[in-house]
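Right, one structure below, let's go through it.
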Amino acid sequence: GDGATDFNLSSSGTYDRVVTPAMATLLSLSSNSESSAIPIFNFDFFGTTQNSIVISSQVYLRFDNTPLPSPTPSENELIPSAAGVDNIIAPARDFYDINSGGSVRYWTEGTAPFRVFYVDFENIYRNASFDVTTQVKLFESTKIIEIHTESALFATNGVMATQGIEDATGTLGYTTVGRNDQSWDATNDIISFVPTCLDELTVNVNGVPVAEAGSDVNLCNGETVILGGTPSATGGSGTYSYSWSPATGLSSTTSSNPV
């Protein structure tokens, strides 16, 4: 296969918003803005290997680093939609006023090829009634995307938001049921987007070769015997090679049946 082009959604994991470490980078974002490109490990997203990302104060991540119109489109959008912002991971995309409160941080933990890239949106101001806290995790080895939402009370406050992922063309996307430009609430909630097919590799496992030196034989002085079995090796694959030792008194150290 060419990579992770199809996804399954799962809500069966354990909610685990990781506490932001001291080494995390705090972004300076204004309302309706994006960060500059941030390097990340190679991450397959809809069949394309990505190695940088931008982060929006509108609570989404975007792999396409082509500059957007200024100001960035602020309206929440259905997924998929070719218009507007594509190639995104949206944990809770909506219109926010981060100038009135909230912080966005990112960091990487672990050792290749098992690193995890984190983006944490904390207390992002939606309006005077509520704010949103959510965290995205990208897993290097499995290409799984996890969204851990501590609090996002859109339905309670009569507004709408989108949670999902969308490819670069805006023609293919996946959303959490009931969360596609809709009113929804989430508290201590986890959603995972799990690739159904990563790059495929066929591995042929051959059996372990078995050596046969022959039966035990009692010899008198001056007598000889043919070593090995019939055959002297079985199993495995390819051509067998032999090495007999000690070499003293042997007709050959590399034949299958020396005398």
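The shown structure was predicted, so the numbers you read here are calculated from the model rather than taken from an experiment.
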Determine whether [X] and [Y] fall in the same hydrophobic cluster, where Ile, Leu, Val, Met, Phe, Trp and Tyr are linked whenever their side-chain heavy atoms lie under 4.5 Å apart.
X: V104; Y: I38; answer: yes
X: F139; Y: Y118; answer: yes
X: L227; Y: Y240; answer: yes
X: I40; Y: V54; answer: no
X: M160; Y: I79; answer: no

Heavy-atom donor-acceptor pair, [X] side chain to [Y] backbone, under 3.5 Å:
X: W244; Y: S252; answer: no
X: T253; Y: A247; answer: no
X: N257; Y: I226; answer: no
X: T49; Y: N42; answer: no
X: S192; Y: V194; answer: no
X: D185; Y: T156; answer: yes
X: T133; Y: N123; answer: yes
X: R126; Y: F95; answer: yes
X: T25; Y: R105; answer: no

With a 6.0 Å cut-off (strictly less than), is the heavy-atom count around CG of L9, excluding the residue itself, greater than 12?
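Enclosed: over 12 neighbouring heavy atoms sit under 6.0 Å from CG of L9.
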Ion pair check, E122 and R17, cut-off under 4.0 Å:
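Between R17 and E122 there is a salt bridge, with a charged N closer than 4.0 Å to a carboxylate O.
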Y96 and F154 aromatic ring geometry - parallel, tilted or perpendicular at 30°/60° bounds:
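Rings of F154 and Y96: perpendicular, over 60°.
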For F117 and Y106, take the angle between the two ring planes, folded into 0 to 90°, and tell me which bin it lands in: parallel under 30, tilted 30 to 60, perpendicular over 60.
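Aromatic pair F117/Y106 classed tilted.
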